[in-house]
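Excluded from the calculations below are hydrogen atoms, water molecules and symmetry mates; all remaining heavy atoms, backbone and side chain alike, are included.
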Amino acid sequence: MNDILTWILDTVSGVDPVIRTLLAGVGMLLETSVLVGLVIPGDTIVIVASTGVASPVEFVSLVLAVIVGALAGESIGFALGHHFGPFIRSSRLGRRIGEHNWARAETYLDRRGGLAVFISRFLPVLHSLIPLTVGMSRMRYGTFMAWTVPACIIWSLAYVSVGSAAAEGYRELSGRLHFAGYLFVGVIALFVLAVFFIKKWLHRRELRHMD
């Protein structure tokens, strides 16, 4: 386990920090703007990139890149929804997403307003649909940003912190403990599990506002 993890982490660390940070930012932009997040979750992109963090400067840079990428993507999603929303919704991709999901996003936004924008950042499917849905609604871009900025900051700090801390801890222990790899996997698994249950709880709590 240690040998496999060391190889993976060394591979990620071997990528130029600037390129790695830019790739994470672009990944987040695509996730929130053109529905890529429905196929490749931003969670995966950010955790992998964060395992290569080797200094406070790289940590701050990655957090900022993820935040900027997410906000840029959501801004593009808003613009696409504003200008092409009905076309996207009725397109083949829109039909594959399902009218049920579009209707839920629309209803949720109508009932919860800005709070729906904030909470949707932490919910599957909705976090990719809400920017487009907001673009089709009467909500102003400034209001949309006021709610999504703090959500993106919290999300980015959580994922980059856990990924970088777990990788740093593994590197410190791998030379002394043969089961350090299992500890690393355990930390990531616990975080993913905690996120899963939080998302489930949030979804169950907000479901009454969607249907």
Side-chain angles (χ1 to χ4, degrees), residues 22-49 65-156 158-159 192 195-211:
L22 287 174
L23 286 175
V26 171
M28 291 303 299
L29 182 149
L30 294 174
E31 189 220 23
T32 51
S33 62
V34 291
L35 305 176
V36 172
L38 297 175
V39 181
I40 305 174
D43 313 42
T44 304
I45 296 171
V46 175
I47 285 181
V48 170
V66 171
I67 293 171
V68 171
L71 292 177
E74 293 193 356
S75 297
I76 293 172
F78 179 94
L80 289 173
H82 184 71
H83 296 289
F84 309 106
F87 172 77
I88 294 173
R89 185 168 176 170
S90 61
S91 68
R92 190 164 78 171
L93 175 60
R95 292 195 301 271
R96 289 192 67 180
I97 291 169
E99 180 58 29
H100 176 65
N101 286 319
W102 286 105
R104 269 191 167 183
E106 199 170 54
T107 302
Y108 189 41
L109 185 63
D110 285 343
R111 292 182 180 175
R112 299 288 267 170
L115 195 57
V117 175
F118 181 90
I119 296 175
S120 67
R121 175 67 257 181
F122 308 96
L123 295 176
V125 181
L126 278 177
H127 77 267
S128 293
L129 292 182
I130 283 293
L132 288 163
T133 306
V134 173
M136 291 186 280
S137 73
R138 290 174 294 178
M139 182 180 290
R140 294 185 177 183
Y141 176 73
T143 304
F144 173 59
M145 281 289 106
W147 283 98
T148 199
V149 167
C152 287
I153 291 173
I154 293 170
W155 190 94
S156 302
Y159 277 87
V192 171
V195 168
F196 173 79
F197 282 115
I198 290 171
K199 286 181 177 180
K200 277 286 187 184
W201 174 79
L202 271 176
H203 185 265
R204 193 177 298 114
R205 181 178 179 273
E206 296 297 306
L207 195 59
R208 67 182 185 276
H209 301 295
M210 302 176 195
D211 296 329

Determine whether W155 and D43 make a side-chain contact, defined as any pair of heavy atoms from C-beta on separated by less than 4.5 Å. yes
Which atom names give the shortest non-hydrogen contact between C152 and L71, and what distance separates them? SG-CD2, 3.8 Å
Ring geometry between F78 and F144 (parallel below 30°, tilted from 30 to 60°, perpendicular above 60°): parallel
Are any of the side-chain heavy atoms of R104 and L207 separated by less than 4.5 Å? yes
Has K199 got more than 12 heavy atoms of other residues, nucleotides or ligands less than 6.0 Å from its NZ? yes
Measuring from I130:CD1 to Y108:OH, what's the distance to the nearest 0.5 Å? 7.5 Å
Gap between atom CD of E31 and atom OG1 of T44 - 0.5 Å precision: 9.5 Å
On a heavy-atom basis, the closest approach of R111 and H209 is CD-O, 3.2 Å
Heavy-atom side-chain contact between F118 and I154 under 4.5 Å: yes
With a 4.5 Å heavy-atom cut-off, do L126 and M210 have their side chains touching? yes
Minimum heavy-atom distance I67-S156, with the two atoms named: CG1-OG, 3.4 Å
Quick check against the 3.5 Å criterion: does W102 have a side-chain atom that pairs as donor or acceptor with the backbone of I97? no
Nearest heavy-atom approach of A24 to V66 is CB-CG2, 4.5 Å
Scanning both residues in full, the closest heavy-atom pair of R121 with A70 reads NH1-CB, 4.2 Å
Atom CG in L30, atom OG in S128: separation rounded to 0.5 Å? 11.0 Å
Could you state the interatomic distance from CG (D110) to CE (M139), rounded to the nearest 0.5 Å? 9.5 Å
Note: L129 and A105 closest approach over all heavy atoms is CB-CB, 4.2 Å
Roughly how far, to the nearest 0.5 Å, is CG of L123 from CD of E206? 7.5 Å
Side-chain contact, heavy-atom cut-off 4.5 Å: V134 with P131? no
Mind checking whether M145 and S75 have side chains closer than 4.5 Å, heavy atoms only? yes
Nearest 0.5 Å please: distance from the CD atom of E74 over to the CG atom of L80. 12.5 Å
